[in-house]
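Computed from a predicted structure; not experimentally measured. Both backbone and side-chain heavy atoms feed into the values below; hydrogens, waters and symmetry mates do not.
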Amino acid sequence: MASAVEGLGERFMELSRPDDDGVYRDGARKRAARTALAIGAIRQLWDEETAALPFALPRHGVGLAAVGSLARGQIGPSSDLDLVLIYEPHTLNDTQLNALANALWYPLWDSGLDLDHSVRTRQQCEGVTDHDLPAAVGWLDVRPIAGDKALITSTASSILERWRKAARKRLPELLKSAQSRLERFGRMAYLNQPDIKEARGGLRDAVIISALAASWLADRPHGHYDDAVERLLDIRDCIHLAAAKDTNLLLTQYQPAVAQTLGLADPTLPQDERDARSVDDMQMLLARIGRRIAFSWEFTSSRAKHSITHDRPRFAFFQLLNPRSGGKREAPAFHALAPGVVEHEHEVALAPGMKPAKHADLPLQVAVAAAQTGLPINPVTLQNLAHCPMRDHDWSGGERELLIALLGSGRALPQVWEELDFVDIPGRWIPEWLGVRNRPSTSAAHRYTIDQHMIETVSRLGHSWRNGGSDESGDVQHTVPADDVPADDVPAVQADDGRIPARRDAGGNDTHDNGAASHYDGTHYDATRYAALLLAGLLHDIGKRPGVADHAAEGARHVPVIVRRLGFDEEIVRIATLLVREHLTLSEYATGKDPEDPAVAEELAARLDHDPITLAMLFDLTRADGSSLGATANESITKKYGWSRWRESLVRTMADAARTHMA
């Protein structure tokens with residue numbers, strides 16, 4: 001006699017079939033149908049197997065429950081089944097308990113689906129969830145299947161009550177866990193091959209947001225957020241269909257099929273073009289979803305942290321002896337960071353009474369403050385910054401200085417830029433940014449989307465010139481730590497004509513002249529060169545648009561328009577444009593030409609106007625660009641194409657050859 005769960009995996013796939021045109025529609029309905037099928041089949045299995053046991057199973061004291069995606073009604077075509085057999089002590093002896101468990105688990109193992117199972121008493125369930133954060137979060141979604149449903153319900157209610165009581169103490173653990181996942185899996189919006197469950201903005205974040213809401217520390221978003229989660233579940237379902245297994249990795253080999261199943265393929269195009277465009281559109285869709293969920297996580301966790309802070313009493317009995325505020329409740333503490341910008345409860349926020357609609361430079365002030373302090377920007381502040389009268393032209397000298405300070409903030413830049421980008425601020429500064437925003441790279445060497453790759457590149461550019469000086473990972477090693485850079489070495493406020501004032505030496509002498517020494521003091525680039533280098537890093541792939549064969553030449557066409565429009569000096573425009581035009585040149589020469597050929601060295605030197613400082617800048621840009629490629633050390637889904645000692649030695653050798661032909 002066939003088991004009730006026999007062929008359950010195939011039946012899941014049958015329920016998950018796309019429509020006749022190959023498009024997966026009504027994902028929520030299909031998930032509900034799979035859930036109903038699984039619950040019904042497992043319940044029937046319970047009835048069949050318990051009736052066949054050699055002993056009478058008590059009606060009370062033992063039951064079977066679903067947790068995880070099955071309990072939430074979000075089970076995918078190939079998702080595993082998360083089941084817990086709960087029992088009261090002394091209801092069954094060990095032999096009877098093992099017989100019941102085996103009678104359930106073996107048919108499920110043969111059903112074609114993976115099984116995550118456990119057998120626990122109520123007290124064991126409570127103990128595990130008290131000490132195991134993932135288990136606690138998983139147990140917040142429980143669905144009784146068979147047996148003593150009252151036991152299951154009371155166990156779930158007890159765990160929920162314990163979660164709420166301990167939520168304030170466990171919030172730091174929850175936040176630390178989320179940060180660890182971010183560091184390991186990155187941001188879904190920026191990855192070409194993301195793990196759509198574990199990456200920031202993925203399905204795991206949606207579960208954690210619900211857990212915070214269940215704790216009563218903060219409410220969760222609705223509306224657009226719910227739509228984003230459902231669409232991401234559709235993508236997860238399509239990955240299962242393409243891979244024919246339970247996986248959350250959107251690998252390159254699955255992407256054309258997933259995009260087509262999502263209905264993103266244009267059937268009127270040739271196959272190769274159809275695949276390329278549909279994958280491009282899918283990645284941009286995934287980025288929008290990831291950003292929505294990530295921002296919802298930031299917003300919900302921020303509110304949870306604030307609720308804990310506000311719950312703490314601001315008054316203590318010792319204050320009766322030395323009252324600091326006349327026995328009254330203390331006012332919120334604000335610490336000024338910049339004009340109109342404060343630190344409040346470990347976040348960067350707008351000062352009380354600040355009116356964003358009157359200040360065009362406020363987003364830059366907030367961004368620089370966040371980068372310098374390492375603090376996140378308050379989510380409400382981010383939304384308010386969208387009301388600032390930002391423009392893409394005729395910036396003031398102060399705005400240009402703030403932009404250079406932000407771009408020069410190093411490894412703090414990606415997080416801050418991501419926060420700004422969620423409310424579309426960079427696209428209002430640089431409309432051309434929208435042409436590459438969320439767009440995946442067609443090169444297999446790229447780990448990130450085009451926009452994030454450029455941000456990662458500029459975050460690796462330093463203020464000092466060492467003609468190399470990186471470790472194997474490609475991280476910049478500053479000759480002088482950023483905090484120890486003398487004030488005269490920090491880019492000064494530009495004049496309104498776009499010039500960056502010349503730096504002065506220790507004796508107060510102007511270092512601006514027409515020779516190479518005017519741009520290099522032996523340690524740092526001068527302010528003009530440094531600004532040009534950062535702008536080139538920010539814009540070096542701005543020409544990567546559909547149908548463009550030479551993105552470096554296309555970028556060099558856009559860069560002078562952008563930089564000049566913002567009001568930068570013509571020298572900065574010239575250098576930034578040259579660097580973008582030649583940003584592939586040094587690497588191409590190093591890997592494809594003979595550095596001992598004088599004609600090759602002279603040709604490279606000529607392309608850089610025979611300027612050794614420009615050569616040094618191109619070396620730094622090449623290194624930063626290369627170190628932003630490929631996989632991270634703990635990622636095995638792509639080949640590691642990035643910067644290495646071997647690649648650096650090739651590039652350095654070619655650069656040394658070109659330098660001998662420069663004045």
Legend entry - Residues forming a salt bridge (charged side-chain N to carboxylate O under 4.0 Å, His left out) with R204, sequence neighbours excluded: E198
Legend entry - Flag, side chain of H387 to backbone of N384, donor-acceptor distance under 3.5 Å: no
Inset, instruction - Hey, could you give me the CD/CD1 distance between E230 and I235, rounded to the nearest 0.5 Å? - result: 12.0 Å
Inset, instruction - First locate atom CG of L375, then atom NE2 of H346, and finally report the distance between them rounded to the nearest 0.5 Å. - result: 8.5 Å
Inset, instruction - Please examine the side chains of D611 and I575, heavy atoms only from C-beta on, and report whether any two atoms are closer than 4.5 Å. - result: no
Legend entry - Distance (rounded to the nearest 0.5 Å) between M282 CE and T261 OG1: 10.0 Å
Inset, instruction - Kindly indicate whether the side chain of P194, heavy atoms from C-beta on, has any atom under 4.5 Å from the side chain of L286. - result: yes
Inset, instruction - State, yes or no, whether a side-chain contact exists between L461 and V458 at a heavy-atom distance under 4.5 Å. - result: yes
Inset, instruction - Please examine the side chains of L618 and L578, heavy atoms only from C-beta on, and report whether any two atoms are closer than 4.5 Å. - result: no
Legend entry - Main-chain N/O of W297 paired with T300 side-chain donor or acceptor, under 3.5 Å: no
Legend entry - Sub-4.5 Å side-chain heavy-atom contact between E570 and V573: yes
Inset, instruction - Give a yes or no answer on whether the side chain of N192 reaches the backbone of Y448 with a donor-acceptor pair at less than 3.5 Å. - result: yes
Inset, instruction - Taking ring pair (Phe, Tyr, Trp, His ring centres under 6.0 Å) as the test, write out the residues that go with W417, two or more places apart. - result: W433
Inset, instruction - Answer yes if the side chains of S302 and E347 hold a donor-acceptor pair under 3.5 Å, and no otherwise. - result: yes
Inset, instruction - Apply side chain to side chain contact (heavy atoms under 4.5 Å, CB included) to R231 and list each qualifying residue two or more places apart in sequence or on a separate chain. - result: D234, L262, L285, I289
Inset, instruction - Please name the pair of heavy atoms, one in R303 and one in A218, separated by the smallest distance, quoted to 0.1 Å. - result: CB-CB, 3.8 Å
Inset, instruction - May I ask you to decide if A178's main-chain N or O and R200's side chain share a donor-acceptor pair within less than 3.5 Å? - result: yes
Legend entry - Nearest-0.5 Å distance, CZ of residue F568 to OG1 of residue T528: 10.5 Å
Legend entry - Side-chain donor-acceptor contact under 3.5 Å, T449 with D451: yes
Inset, instruction - Could you list the residues that satisfy salt bridge (charged side-chain N to carboxylate O under 4.0 Å, His left out) with R428, not counting sequence neighbours? - result: none
Legend entry - Residue pairs fulfilling salt bridge (Lys or Arg N to Asp or Glu O under 4.0 Å) with at least one residue in residues 373-383, sequence neighbours excluded: none
Inset, instruction - Using side chain to side chain contact (heavy atoms under 4.5 Å, CB included) as the criterion, list what pairs up with S587, not counting sequence neighbours. - result: T622, R647
Inset, instruction - Scan residues 279-288 for pairs that pass salt bridge (Lys or Arg N to Asp or Glu O under 4.0 Å), counting only residues two or more places apart or in two chains. - result: D280-R439
Inset, instruction - Kindly compute the distance separating CG (D424) from CG (L385), expressed to the nearest 0.5 Å. - result: 12.5 Å
Legend entry - Close side-chain approach of V380 and F299, heavy atoms under 4.5 Å: yes
Legend entry - Closest approach of F619 to L586 (non-hydrogen atoms, all atoms of both residues): CA-CD2, 3.8 Å
Inset, instruction - Applying ring pair (Phe, Tyr, Trp, His ring centres under 6.0 Å), name anything that partners H551, two or more places apart in sequence or on another chain. - result: H583
Inset, instruction - Could you list the residues that satisfy salt bridge (charged side-chain N to carboxylate O under 4.0 Å, His left out) with D609, not counting sequence neighbours? - result: R574
Legend entry - Residues Y190 and E456: side-chain donor-acceptor under 3.5 angstrom: no
Inset, instruction - Please identify each residue that fulfils ring pair (Phe, Tyr, Trp, His ring centres under 6.0 Å) with F295, with sequence neighbours left out. - result: F422
Inset, instruction - Give a yes or no on whether a salt bridge exists between R529 and E571, defined as a side-chain N under 4.0 angstrom from a carboxylate O. - result: no
Inset, instruction - Can you establish whether the number of heavy atoms outside R277 located under 6.0 Å from its atom CZ is more than 12? - result: no
Inset, instruction - Working to the nearest 0.5 Å, report the span between CG of L604 and CG of L615. - result: 6.5 Å
Legend entry - Pairwise side-chain contact, Q283 with N438, heavy-atom cut-off 4.5 Å (strictly under): no
Legend entry - Backbone N/O of L250 and side chain of Q255: donor-acceptor pair under 3.5 Å: yes
Inset, instruction - Sequence neighbours left out, what pairs pass salt bridge (Lys or Arg N to Asp or Glu O under 4.0 Å) with at least one residue falling in residues 380-396? - result: R391-E399
Inset, instruction - Using a strict 4.0 Å threshold on nitrogen-to-oxygen distance, state whether D205 and R181 make a salt bridge. - result: yes
Legend entry - Steps toward side chain to side chain contact (heavy atoms under 4.5 Å, CB included) verdict (Q415, R187): CA-CA 10 Å; Q415 171 65 28; R187 292 183 176 274; 2.5 Å; yes
Legend entry - R564, R565, R557 screened by side chain to side chain contact (heavy atoms under 4.5 Å, CB included) with V561, the one that passes: R565
Inset, instruction - Return the minimal non-hydrogen interatomic distance between Q365 and A338, and the atom names on each side. - result: OE1-CB, 3.6 Å
Legend entry - N/O donor-acceptor pair under 3.5 Å between R400 side chain and W395 backbone: yes
Legend entry - D421 versus R291, closest heavy-atom pair with distance: OD2-NH2, 2.5 Å
Inset, instruction - Count the heavy atoms of every other residue, nucleotide or ligand shown that sit under 6.0 Å from NE2 of H222, and state whether that count exceeds 12. - result: yes
Legend entry - Non-hydrogen side-chain atoms of R545 and H558 separated by less than 4.5 Å: yes
Inset, instruction - Can you tell me which residue pairs pass the salt bridge (Lys or Arg N to Asp or Glu O under 4.0 Å) test with a partner in residues 578-587, sequence neighbours excluded? - result: E582-R607
